[in-house]
Amino acid sequence: MKKTAVLTALALAAALLAGCASAAGSKAPAYDKAQLEISEYNGAELTEDIQITIEGDAAGQETLPLQYSNRTDVDYNFTALQRLEVELDGDWYVVPDAQDFVTMQLYTLPAQAQVEDSFRFEGRYDPLPAGNYRILKTFSDPDGNGFTAAALFTVA
C-alpha cells in the first residue's frame, strides 16, 4: 500500500514537471485585436527614399541592429522614437511599448549615406508571438515634412 502511494506520488510529480517544462517552452500567446490600437499607417504610403534594413533575426533578440539608407540627395533628421506594429488579419496594430520615454536628441541621415541604429526589445516588449511585424521610423526633411519608413520581419 505504501509502495503504491509513493509510486502514484512520483507519477503525479513527473506529470506536473512535464507540464511545467512544456509551458516554459511554449510560444508567447497571440495578440487580441480588441486590446490593441489600430495603426494610423494602415494603407498609408511609406517612403521608399529611405530604406530600413534589419541586420539579423528578430526572434529571441534583446536588441536588433538596423541600418537606415538614404537614397536621395537630401539630408533627413530623425529622433530615437521607434514603433513596433503587428499584422493581424491584414491590418497593422500598434504593439504596446512598456518604455515611458525616449531621449529627444536629433540625429542626421546624410544624403546618399547609411546610419547604424538598433531596435531594443528588452524592457519594452513581452516575447513576441509568431507573426508579421514592422518597425516604423519617421524622418523629416529640411522643410519639416515628415516621411515614415518601415522594416518588415517575421517571427516564426
Side chains of [X] and [Y], heavy atoms from C-beta outward: is any pair under 4.5 Å?
| X | Y | value |
| --- | --- | --- |
| Leu88 | Leu36 | yes |
| Tyr76 | Thr108 | no |
| Ile135 | Phe153 | yes |
| Ser69 | Ile52 | no |
| Tyr133 | Glu87 | no |
| Ile50 | Leu109 | yes |

For [X], give me all partners under side-chain contact (heavy atoms from CB on, under 4.5 Å), at least two apart in sequence or on another chain.
| X | result |
| --- | --- |
| Glu45 | none |
| Asp73 | Gln112 |
| Ser118 | Thr63 |
| Ile38 | Asn42, Asp91, Tyr93 |

(message) Salt bridge or not between Arg124 and Asp97? Use side-chain N to carboxylate O under 4.0 Å.
(response) yes
Taking [Y]'s backbone N and O only, do any of them form a donor-acceptor pair with [X]'s side chain (distance below 3.5 Å, no angle check)?
| X | Y | answer |
| --- | --- | --- |
| Thr79 | Leu81 | yes |
| Asn70 | Val74 | yes |
| Asp49 | Thr72 | no |

Could you state whether [X] and [Y] fall into the same hydrophobic cluster, counting links through intermediate Ile, Leu, Val, Met, Phe, Trp or Tyr residues with side-chain heavy atoms under 4.5 angstrom apart?
| X | Y | value |
| --- | --- | --- |
| Tyr107 | Phe147 | yes |
| Val155 | Tyr31 | yes |
| Val86 | Trp92 | no |

(request) Could I get the full list of side chain to side chain donor-acceptor pair (under 3.5 Å) partners for Thr53, not counting sequence neighbours? (result) none
(request) Could you check whether the rings of Tyr125 and Phe119 sit parallel, tilted or perpendicular, using 30° and 60° as the cut-offs? (result) parallel
Can you sort out the partners of [X] under salt bridge (Lys or Arg N to Asp or Glu O under 4.0 Å), two or more places apart, ordered by chain and number?
| X | value |
| --- | --- |
| Arg120 | Glu122 |
| Asp126 | none |
| Glu40 | Arg83 |
| Glu55 | none |

(request) With sequence neighbours excluded, give me every side-chain hydrogen bond (donor to acceptor under 3.5 Å, both in side chains) pair touching residues 136-152. (result) Thr138-Thr148, Asp141-Asn145
(message) Quick check for you: to the nearest 0.5 Å, what is the distance between Arg134 atom CZ and Thr154 atom OG1?
(response) 13.0 Å
(request) Quick one: closest heavy-atom pair of Ala130 and Ala156, and the distance? (result) CB-C, 3.8 Å
(message) For a quick test of reading the model, state the closest non-hydrogen atom pair linking Gly123 to Ala98 and the distance between them.
(response) O-CB, 3.7 Å
(request) Supply the members, apart from Leu46, of the Ile/Leu/Val/Met/Phe/Trp/Tyr cluster built from side-chain contacts under 4.5 Å; use none for a lone residue. (result) Tyr41, Leu136
(request) Identify, with sequence neighbours excluded, every residue that meets ring pair (Phe, Tyr, Trp, His ring centres under 6.0 Å) alongside Tyr68. (result) Phe78, Phe139
(request) Would you check if there is a donor-acceptor pair between the side chains of Glu116 and Gln67 at a distance under 3.5 Å? (result) yes
